[in-house]
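Step one of this worksheet: look at the structure below.
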Amino acid sequence: MVEYELQLAPIHRLIKKAGAMRVSESAAEELRRVLEDIGMRIGREAAKFASHAGRKTIRAEDVRLAVSSILRM
């Protein structure tokens, strides 16, 4: 069984805030899986930017750079 960091309840709320009237469990689970995958990619890329700058701490600008880098792929 896979252990997720993100809980399903906030995922349900997020989809509903986006305009859905009802959200199936499978839809919330799939969005959770996708968000965690994207989050891990962004985190790894941000860690590379921080390391390249000689830092151990990831800063907001590292995350912004990582997002733009991943969106270009």
Side-chain angles (χ1 to χ4, degrees):
M1 185 173 144
V2 177
E3 190 167 322
Y4 293 99
E5 295 293 327
L6 301 175
Q7 299 298 311
L8 277 179
I11 303 295
H12 276 275
R13 286 192 301 272
L14 185 66
I15 297 172
K16 284 187 174 190
K17 281 183 180 181
M21 293 181 77
R22 297 175 62 191
V23 181
S24 71
E25 279 301 300
S26 62
E29 288 171 2
E30 182 63 14
L31 182 57
R32 171 173 63 179
R33 187 191 65 73
V34 169
L35 289 174
E36 289 213 5
D37 180 54
I38 293 169
M40 287 296 292
R41 289 180 189 187
I42 292 169
R44 279 193 292 271
E45 194 71 15
K48 288 178 191 176
F49 285 121
S51 177
H52 181 73
R55 290 183 275 106
K56 292 181 181 180
T57 303
I58 295 174
R59 295 183 180 167
E61 60 261 25
D62 299 320
V63 174
R64 283 191 292 272
L65 286 169
V67 168
S68 64
S69 172
I70 287 175
L71 290 178
R72 274 188 260 135
M73 292 181 184

Spatial distance of atom [atom1] ([X]) from atom [atom2] ([Y]) [nearest 0.5 Å]:
X	Y	atom1	atom2	answer
Glu36	Ile11	CD	CD1	8.0 Å
Arg59	Arg64	CZ	CZ	11.5 Å
Tyr4	Glu29	OH	CD	7.5 Å
Glu45	Asp62	CD	CG	10.5 Å

Is there a chain of hydrophobic side chains (I, L, V, M, F, W, Y, each step under 4.5 Å between heavy atoms) that links [X] to [Y]?
X	Y	value
Leu35	Ile70	no
Val67	Phe49	no
Leu71	Ile38	yes
Val23	Leu8	no

Seminar exercise, completed: What one should report as the nearest heavy-atom pair of Ile15 and Ala28 is CD1-CA, 4.1 Å
For this session: For Ile42 and Ala66, work out which heavy atoms get closest and say how close.
Result: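 Smallest interatomic distance, heavy atoms only, reads O-CB, 3.5 Å.
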Exercise. Are more than 12 heavy atoms from other residues, nucleotides or ligands located less than 6.0 Å from atom CD of Glu5?
Worked result: no
Exercise. Passes side-chain contact (heavy atoms from CB on, under 4.5 Å), His12 versus Glu25? Steps please.
Worked result: CA-CA 8 Å; His12 276 275; Glu25 279 301 300; 3.0 Å; yes
For this session: State, yes or no, whether a side-chain contact exists between Ser51 and Lys48 at a heavy-atom distance under 4.5 Å.
Result: no
For this session: Measure the shortest side-chain to side-chain distance between Met40 and Arg44 over non-hydrogen atoms and say whether it is less than 4.5 angstrom.
Result: yes
Problem set entry | Pair Arg41 + Asp37, salt bridge at N-O below 4.0 Å | yes
